[in-house]
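Read through the structure below, which is laid out as structure tokens, and then see the notes.
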There are 2 protein chains.
Amino acid sequence: MSTNIVRGPYKPGRIRAQSRDLILQAAEAEFACHGFRGATMQRIAESAKVPKANIHYYFSNKLGLYGAVLENTLNLWDTVFNEISDHDEPFDVLSRYIDAKMDFSRTHPKASRLFAKEMISGAPHLSAYLQQDYRLWFKQRMGIFESWIAQGKMDNVDPAHVIFMIWASTQYYADFEPQILIATDTKNLSEQAFLEASDSIKHIILKGCGIR
Amino acid sequence: MSTNIVRGPYKPGRIRAQSRDLILQAAEAEFACHGFRGATMQRIAESAKVPKANIHYYFSNKLGLYGAVLENTLNLWDTVFNEISDHDEPFDVLSRYIDAKMDFSRTHPKASRLFAKEMISGAPHLSAYLQQDYRLWFKQRMGIFESWIAQGKMDNVDPAHVIFMIWASTQYYADFEPQILIATDTKNLSEQAFLEASDSIKHIILKGCGIR
DNA sequence: TGAAAAGTTGACTATATAGACAACTATTGA
DNA sequence: TCAATAGTTGTCTATATAGTCAACTTTTCA
């Protein structure tokens with residue numbers, strides 16, 4: 001006797017590759033929370049509400065999925081930070097940059113955490129991507145800072161450390177949210193809280209670098 | 001015919017629980033790199049150069065081992081930061097605190113990363129530990145800052161954000177080392193590099209808060 | 001309209017992993 | 001001295017996981 005296989009309902013009509021996005025979103029959350037090795041395809045599938053086999057229809061394997069998520073995240077990163085225009089005055093440029101980074105932490109905490117996990121793990125999958133463009137971007141910004149210092153527009157502080165402080169301080173509100181919530185005894189970080197944090201960081205960085 | 005089991009050499013004479021420390025160290029590195037779920041007992045065993053079964057002799061299970069590593073790390077944390085004495089002058093107190101945190105990042109990067117991974121994952125195993133003492137410590141420090149502000153010894157910046165900036169900036173040099181190495185195009189962070197970073201952070205934080 | 005392509009699905013397989021276990025060796029201490 | 005205890009080790013088992021597969025349904029387009 002041949003047993004007819006009983007299946008769940010076939011879900012049609014998702015416009016082309018909508019499933020792909022569902023999977024990418026679920027994967028982003030799962031990888032951000034548990035890292036590459038800690039994440040499981042099963043949990044990603046459940047979270048995306050698709051069968052696990054469906055993931056393998058869209059992505060070659062776990063590493064391929066992870067790569068796609070990382071690429072997605074880096075693109076997001078770029079589009080946000082390319083909007084920063086090169087004003088001449090350090091006060092304006094840094095104010096805008098800090099606001100933009102802080103806004104990114106608020107609106108894309110999972111992307112920030114994914115990036116952080118990858119870095120803490122030694123950036124095994126990311127280092128290839130970053131080698132080229134990243135250093136160039138960094139060197140250019142360093143140059144701008146140095147010209148500001150030469151023009152007496154800011155104190156003689158190593159620009160690298162200034163940039164690291166900005167990155168560290170702004171990403172902290174996304175990556176270490178639990179620590180902040182515990183310390184401040186609150187349930188979640190409001191948009192208001194982010195704005196206040198942004199103001200404090202701007203005050204300290206700008207004044208601390210002697211920029212006015 | 002009974003086959004005699006061939007075994008590797010029995011390694012005797014390790015003074016009591018020396019193996020335990022070997023395992024704890026290996027586990028710290030593995031958990032710091034891959035997180036709780038991404039770490040495997042097999043890799044920890046290989047890294048510690050003991051058979052996997054030996055781990056289960058000292059620790060009940062994977063979660064027990066993780067808990068022991070976390071507890072170890074937290075104790076380390078405490079002993080380092082309890083050395084900070086309560087000077088009256090904010091300049092001295094914050095200078096010493098930043099130096100101490102920075103030194104911790106340099107000498108215990110794995111502990112810092114383990115802590116970071118746990119936080120980014122939502123602190124599932126840690127939140128219970130932190131609830132009690134942590135908030136108290138934080139509130140006390142906040143109070144000190146507020147008295148400084150009232151005495152006109154520093155600008156009126158929300159103390160919470162100042163503390164977060166210090167934590168973020170100092171931990172960054174341990175947690176995001178790969179990013180720093182890529183950006184600055186260097187092989188590793190020397191003690192000299194840490195000292196320079198510490199000086200930059202102190203300059204910006206102290207001046208930025210109007211402390212002199 | 002109908003065959004081919006695109007997309008979905010449950011079941012399956014091979015492997016990796018956490019943990020249990022029994023057999024062993026060294027150490028202790030009465 | 002010798003039995004009890006502490007510590008070490010290879011093997012085994014149950015389960016979890018990544019990835020495969022063939023059967024299915026819908027969509028596309030000539």
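Since this is a predicted model, take the numbers as computed values, not measurements. Letters A, B, ... mirror the listed sequences (proteins, then strands); counts begin at 1.
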Holding to salt bridge (charged side-chain N to carboxylate O under 4.0 Å, His left out), I want the full list of residues that pass it with B:E28, two or more places apart in sequence or in another chain.
none

Could you tell me which residues satisfy side-chain contact (heavy atoms from CB on, under 4.5 Å) with B:A27, sequence neighbours excluded, listed by chain and number?
B:F31, B:I44, B:L65, B:V69

Structure string for DNA chain C in dot-bracket form, Watson-Crick and G-U at under 3.5 Å, | interchain:
||||||||||||||||||||||||||||||

In whole angstroms, the gap separating P of C:dC21 from CD1 of B:I55 amounts to 18 Å

Is there any protein nitrogen or oxygen under 3.5 Å from a nitrogen or oxygen in nucleotides 16-18 of chain D, and what are the pairs?
| unit_1 | atom_1 | unit_2 | atom_2 | d |
| --- | --- | --- | --- | --- |
| D:dA18 | OP1 | A:A39 | O | 3.4 |
| D:dA18 | OP1 | A:M41 | N | 3.3 |
| D:dA18 | OP1 | A:K62 | NZ | 3.2 |
| D:dA18 | OP2 | A:M41 | N | 2.8 |
| D:dA18 | N7 | A:K52 | NZ | 3.3 |

Rounded to whole angstrom units, what separation is found between the CG atom of B:N54 and the P atom of C:dT25?
16 Å

Starting at CZ of A:R20 and ending at P of C:dT8, how long is that distance when rounded to a whole Å?
12 Å

Whole Å only: how far is the NZ atom of B:K49 from the P atom of D:dT9?
13 Å

Phosphate contact (D:dT8 OP1 or OP2) by B:S19 side-chain N/O below 4.0 Å:
yes

Is there a donor-acceptor pair under 3.5 Å between the side chain of B:H203 and the backbone N or O of A:G208?
yes

Among B:I166, B:V93, B:D103, which one satisfies side-chain contact (heavy atoms from CB on, under 4.5 Å) with B:I98?
B:I166

Candidate nucleotides C:dA6, C:dG10, D:dT8, ranked by approach to the side chain of A:P51 - the nearest
C:dG10

Selection residues 51-70 of chain A - residue pairs positive for salt bridge (charged side-chain N to carboxylate O under 4.0 Å, His left out), sequence neighbours left out:
none

Take the protein atom CG of A:D21 and the nucleotide atom P of C:dG7, then report the distance between them rounded to whole Å.
13 Å

Ring centres of A:F104 and A:Y173 under 6.0 Å apart?
no

Ignoring hydrogens and geometry, is there a side-chain-to-backbone donor-acceptor pair from A:T79 to A:N75 under 3.5 Å?
yes

So if I take every side-chain heavy atom of B:Y57 and compare against D:dG7, D:dT9, C:dA6, which nucleotide ends up nearest?
D:dG7

Not counting sequence neighbours, list each pair that qualifies as a salt bridge (charged side-chain N to carboxylate O under 4.0 Å, His left out) and has a residue in residues 188-206 of chain A.
A:D99-A:K202, A:R106-A:E191, A:D199-A:K202

Quick one: pull up CD1 in A:I180 and CG in A:L189 and give me the separation to the nearest 0.5 Å.
5.5 Å

